[in-house]
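None of the values given here were measured: they were computed from a predicted structure.
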Amino acid sequence: MNFAVGLKPLLAEARSMESLEKQLLCPICLEMFSKPVVILPCQHNLCRKCANDIFQASNPLWQSRGSGAGPSGGRFRCPTCRHEVLLDRHGVYGLQRNLLVENIIDIYKQESRPLPPLMCKDHEDERINIYCVTCEVPTCSMCKVFGAHKDCEVAPLQSIFQGQKSELNNCISMLVAGNDRIQTIISQLEDSCRSTEQHVGLRFDSLCSILEERKKELLQSIAREQEGKVQRVRGLIRQYGDHLEASSKLVETAIQAMEEPQMAVYLQHSKELLKKITDMSKVSMSSRPEPGYESMDHFSINVDHVAEMLRTIDFQGWGEDEERDGGKMGIGWGWG
């Protein structure tokens, strides 16, 4: 027997697991991430305890400020990329947990546990070791020779396993790419809800108090039309958000399925999972508003001439005689 040949796949698997373990190490404690794992705005991960240690070191007076810290609870830099992380009054506990990394760690820790072989229901002493292509189910050699699958086409379990696993991996990549596109759409829609009102508000803020009543009248006209547009955009945000949440859960389920070491167990559920992913990827995202839908340009206001008039307001009849008489003169307002 050639032991070197049999050792190669084992070494390859060991290198793969070693590479995965390196990705799951915290850059602070150099140990595998411990629950809960927090994800920073720069997408790097830390143990919550390690993140809290860095935060406390960078903000020694944070606890003494208590709940009165205001909108910003402090800041520190990511130890991996040096990106500045701003925290609210909740500190590190306001950071989002990375449940995906936590699940991967759980799966990784279970890899070393021995798993019992899957046995045939019809032949209790036979392991499931082939795949019936005709019936699309894993089965045993006895079922092919004497049992229910004797007239069916069969294939090695390994080849079907690798093929469907590769297909699932491609589907996961497709879903992740789709999720990125949906997240971009959601961000754009959220921006469109805010931009028009902020723009109009900034134009009015440059005027003096005597224009406030007119400002309210014009904003009421804008609000009637904008409300209809914003309601539609918010509805689309909810629609895309629900799809993104469902798709992300499906990605997590698919990743867990990829880690299944038993081919037969994997193949029992892979077809249904592939169908769910295919159906999810076919959901139409074509209901976006037409380009320029959020535009409120027809409500744009040019106040330059009004501002110029306000800057020319001056006292009337202010001359040398009035200057000598001081308080005896009357002061009026006029446009210069």
Side-chain angles (χ1 to χ4, degrees), residues 9 12-13 15-24 33 37 39 43-45 96-111 115 118 128-139 152-189 236-288:
E13 182 178 355
R15 285 194 295 269
S16 177
M17 297 301 289
E18 182 181 355
S19 176
L20 174 60
E21 183 176 353
K22 289 180 180 179
Q23 298 300 318
L24 300 177
F33 290 118
V37 181
I39 181 169
Q43 304 303 307
H44 291 119
N45 298 284
Q96 181 181 358
R97 286 179 61 178
N98 195 333
L99 298 179
L100 180 58
V101 170
E102 292 182 14
N103 290 334
I104 291 175
I105 291 174
D106 289 339
I107 294 171
Y108 174 83
K109 290 180 178 179
Q110 295 173 3
E111 281 295 315
L115 298 172
L118 195 63
I128 293 179
N129 57 358
I130 60 174
Y131 185 82
C132 178
V133 179
T134 305
C135 302
E136 297 184 334
V137 293
T139 185
C152 299
E153 179 185 354
V154 297
L157 204 62
Q158 177 73 20
S159 62
I160 302 297
F161 171 76
Q162 292 296 341
Q164 290 198 11
K165 198 168 186 178
S166 176
E167 182 180 355
L168 181 59
N169 183 63
N170 292 336
C171 290
I172 290 174
S173 299
M174 179 176 60
L175 276 180
V176 171
N179 289 350
D180 291 341
R181 291 193 295 270
I182 293 173
Q183 186 60 59
T184 300
I185 293 173
I186 290 177
S187 298
Q188 292 173 348
L189 292 174
L236 288 173
I237 290 175
R238 288 192 294 270
Q239 174 187 342
Y240 288 140
D242 291 343
H243 179 85
L244 180 61
E245 181 179 0
S247 182
S248 297
K249 290 181 178 178
L250 191 55
V251 169
E252 184 175 339
T253 300
I255 290 175
Q256 292 176 356
M258 291 287 292
E259 301 299 331
E260 176 54 53
Q262 290 201 62
M263 297 178 287
V265 174
Y266 170 84
L267 293 172
Q268 284 180 328
H269 305 286
S270 61
K271 190 169 185 65
E272 180 182 356
L273 183 57
L274 288 169
K275 184 178 184 303
K276 288 182 180 180
I277 292 177
T278 302
D279 293 341
M280 180 70 71
S281 64
K282 291 180 180 178
V283 175
S284 175
M285 293 287 112
S286 60
S287 55
R288 294 175 61 187

Determine the minimum heavy-atom distance between Leu118 and Gln262, stating which atoms define it. N-OE1, 3.6 Å
Show, in sequence, the C-alpha distance, side-chain angles and deciding distance for Lys275 and Asp279, and conclude whether the salt bridge (charged side-chain N to carboxylate O under 4.0 Å, His left out) test is met. CA-CA 6 Å; Lys275 184 178 184 303; Asp279 293 341; 3.0 Å; yes
Enter the distance from Thr278:OG1 to Lys276:NZ here, rounded to the nearest 0.5 Å. 12.5 Å
The single option from Glu153, Gln164, Met263 passing side chain to side chain contact (heavy atoms under 4.5 Å, CB included) against Tyr131: Gln164
Tell me the closest heavy-atom pair linking Val133 and Ala155, and the distance in Å. CG2-CB, 3.8 Å
Check step by step if side-chain contact (heavy atoms from CB on, under 4.5 Å) holds for Leu250 and Ile172. CA-CA 9 Å; Leu250 191 55; Ile172 290 174; over 6 Å; no
To check you understand the geometry: which heavy-atom pair defines the closest contact between Asn45 and Phe33, and what is its length? O-CE2, 3.5 Å
Nearest 0.5 Å, please: how far is CG in Leu99 from NZ in Lys249? 11.0 Å
Counting C-beta onward and ignoring hydrogens, is there a side-chain heavy-atom pair between Ile185 and Ile237 closer than 4.5 Å? no
To the nearest 0.5 Å, how far apart are OG in Ser248 and CG in Asn179? 4.5 Å
Contact between Leu168 and Ser270 at the side-chain level, heavy atoms closer than 4.5 Å - yes or no? no
NE2 on His269 to CD on Gln256, rounded to 0.5 Å: 12.5 Å
Would you name the heavy atoms of Ile186 and Gly241 that are closest together and state the gap between them? CD1-N, 3.8 Å
Using modelled atom types and a 3.5 Å cut-off, is there a donor and acceptor pairing between side-chain atoms of Ser281 and backbone atoms of Ile277? yes
Minimum heavy-atom distance between Lys165 and Glu260, given as atom pair plus value: NZ-O, 4.4 Å
CG/Asp180 to CD/Gln183 distance, rounded to the nearest 0.5 angstrom? 8.5 Å
So does Gln96 have more than 12 non-hydrogen atoms from other groups sitting under 6.0 Å from CD? no
Do the non-hydrogen side-chain atoms of Asn98 and Glu102 ever get within less than 4.5 Å of each other? no
Between OG on residue Ser173 and CG on residue Asn169, distance to nearest 0.5 Å: 5.0 Å
Looking only at non-hydrogen atoms, find the nearest pair between Val176 and Val251 and report the distance. CG2-CG1, 4.1 Å
